[in-house]
Amino acid sequence: MDQPNVVLVASPGLGHLIPILELGNRLSSVLNVNVTILAITSGSSSSAETEAIRVAAARTACQITELPSVDIDNLVEPDATVFTKIMVKIRATKSAVREAVESMKPKPTVMIVDFLGTGLMSVADDLDLTAKYVYVPSHAWFLAVMVYMPVWDTTVEGEYVDIKEPLKIPGCKPVGRKELMETMLDRSDQQYKECVRAGLEVPTSDGVLVNTWEELQGNTLAALREDEELSRVIKVPVYAIGPIVRSNGHVEKHNGIFEWLDKQRERSVVYVCLGSGGTLSFEQTIELAWGLELSGQKFLWVLRRPASYLGASSSDDDQVIESLPKGFLDRTCGVGLVTTQWAPQVEILSHRSVGAFLSHCGWSSVLESLTKGVPIVAWPLYAEQWMNATLLTEEIGVAVRTSELPSEKVIGREEVASLVRKIVAEEDEEGQKIRAKAEEVRVSSERAWTQGGSSHRALFEWAKRCRLVS
Ligand code: UDP
């Protein structure tokens with residue numbers, strides 16, 4: 001008998017394709033199903049995207065089909081946000097998705113869309129598939145906000161940024177001013193309306209797969225399933241199947257980063273990286289550099305060109321280095337390593353010398369850190385990262401964070417130095433507690449995916465329900 005076919009739809013952009021690809025890899029390796037990924041391309045950087053898809057395709061058992069970008073110029077306002085454009089583009093690709101699914105042989109039985117692709121689920125109904133699911137590559141609190149936003153939309157007056165009291169979600173941590181997602185900052189903007197719409201569409205699925213695990217977010221998951229009001233809002237089952245995250249790849253033997261890391265003391269280095277797109281202002285870059293230097297701790301910094309910095313040099317790399325304080329590289333020679341290249345992050349976080357991660361708190365970065373037991377200095381910049389920072393510091397206890405939002409205020413060098421010292425210096429009591437918690441979380445993340453662990457069980461329960469396994 002043929003293996004069952006599952007079709008996954010990835011929203012435009014590598015940031016959306018990668019989590020779907022990791023999910024696809026997990027489904028095919030654990031459940032022994034055929035996985036086809038339909039990758040909607042963004043069109044803007046299509047050659048880079050196509051190249052990344054080609055590289056990904058070479059390394060996966062999943063079949064990846066690229067869906068060409070659809071022109072949406074006449075469907076959106078010229079000043080629409082990137083988020084709005086993505087949502088509109090996804091809907092405009094519906095007939096292409098439908099055609100691609102229809103042409104698959106044998107016909108897939110299950111369709112999974114990511115959290116931005118909820119507008120595509122009717123394709124599964126039209127083609128009479130067995131089930132349609134939403135994959136939330138983020139955490140359970142994010143899912144709760146997503147599905148509860150339509151309730152706030154009808155009950156809260158005025159702008160959320162003006163709220164005096166945090167926004168309540170039954171059974172979950174409320175959402176305060178400093179946790180609002182970027183898309184919630186202006187209720188008159190189309191991107192806010194798109195979020196509400198996605199929140200309304202989730203309950204029309206057969207269920208949600210979420211990239212967290214029971215031991216990490218038991219209370220929030222329980223609220224989503226059992227709280228009288230919240231479970232009535234979401235309506236469908238929630239399967240916590242995380243952490244699903246990229247595993248270590250091959251590293252070149254003579255890579256300078258690892259040669260340097262090899263020479264450092266165990267757990268002594270703070271790794272600094274603000275994701276695939278996170279950039280700092282010129283002023284903030286200077287303060288961060290001074291802070292790292294003042295901390296006296298070892299550091300590995302993936303430095304990107306500061307926003308709106310126009311240095312004198314012609315080369316991009318030189319410009320980035322020029323944005324550092326004068327003499328910084330000489331003074332920190334031997335203490336720190338600065339790279340302007342794309343870093344092998346998972347492999348870096350796995351290195352025994354890395355003791356902390358100064359991160360923008362994108363959920364993939366967070367999971368890559370937690371699965372290695374590395375505590376975090378939270379430096380949230382955009383999207384839902386402010387929520388993630390609160391979750392890590394206030395609920396899970398594996399991070400310290402800046403006193404103000406780095407997206408709103410320049411964080412001074414003294415504060416940077418103190419945060420870094422707290423998290424890597426051995427004598428600090430709060431740091432010790434955080435480090436111990438990070439190790440506990442690492443162990444629980446491993447346990448969740450052992451045979452019979454919570455996420456392993458949840459995936460099989462889901463697969464049975466979809467008749468992918470007997
Ligand atoms: N990443 C990397 N090297 C870099 C920067 C980022 O490997 O120099 C990877 C990182 O490991 C993670 C992803 O890019 O898997 C970033 O995803 P995340 O959700 O953390 O943040 P985003 O970039 O989407 O905001």
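Counting starts at 1 for both ligands and their atoms, in listed order. All residue numbers refer to positions in the sequence shown, counting from 1. Computed from a predicted model, the values in this text were never measured in an experiment.
- Looking at atom 23 (O) of ligand 1, its nearest protein heavy atom turns out to be Ser276 OG, 2.4 Å.
- Within the 4.5 Å cutoff, the side chain of Ile411 has no heavy atoms near those of the Glu287 side chain.
- Within the structure, the closest approach of Ser364 to ligand 1 falls below 4.0 Å when heavy atoms are considered.
- At a cut-off of 3.5 Å, with distance as the only test, no side-chain donor of Thr183 or Glu194 sits close to an acceptor on the other residue.
- Of the protein's heavy atoms, Ser365 OG, 2.6 Å lies nearest to atom 20 (O) of ligand 1.
- Atoms of ligand 1 found under 4.0 Å from any heavy atom of Arg304 (numbered from 1 in listed order, with element): 4 (C), 5 (C), 8 (O).
- Using modelled atom types and a 3.5 Å distance limit, the side chains of Thr402 and Glu415 yield no donor-acceptor pair.
- Between the side chains of Glu368 and Gln345, a donor-acceptor pair is found at a separation under 3.5 Å.
- The presence of a protein heavy atom under 4.0 Å from atom 13 (C) of ligand 1 is ruled out.
- For atom 1 (N) of ligand 1, the choice among Tyr382, Trp342, Trp363 with the nearest heavy atom turns out to be Trp342.
- Distances from atom 11 (O) of ligand 1 to the heavy atoms of Glu368, Gln385, Glu347, Gln341 put Glu368 nearest.
- Ion pair Lys437/Glu440 flagged as a salt bridge, since at least one NZ, NE, NH1 or NH2 atom sits closer than 4.0 Å to an Asp/Glu carboxylate oxygen.
- Between Glu439 and Arg435 there is no salt bridge, since none of the side-chain N atoms of the basic residue sits less than 4.0 Å from a carboxylate O of the acidic one.
- For ligand 1, the atoms lying closer than 4.0 Å to a non-hydrogen atom of His360 are 20 (O), 21 (O), 22 (P), 23 (O), 25 (O).
- Closest heavy-atom approach to atom 10 (C) of ligand 1 among the candidates Glu384, Arg246, Gln345, His16: Gln345.
- For the pair Arg26 and Trp449, the cation sits on the ring face: its NZ or CZ lies under 6.0 Å from the ring centre, inside 45° of the axis.
- Residue-to-ligand polar distances place Ala343 within reach of ligand 1: an N/O pair is separated by less than 3.5 Å.
- Using a 4.0 Å cut-off between heavy atoms, Pro344 makes no contact with ligand 1 at all.
- Each of Phe357, Trp260, Phe299 was evaluated against Tyr271; a single residue qualifies, Phe357, per the ring pair (Phe, Tyr, Trp, His ring centres under 6.0 Å) test.
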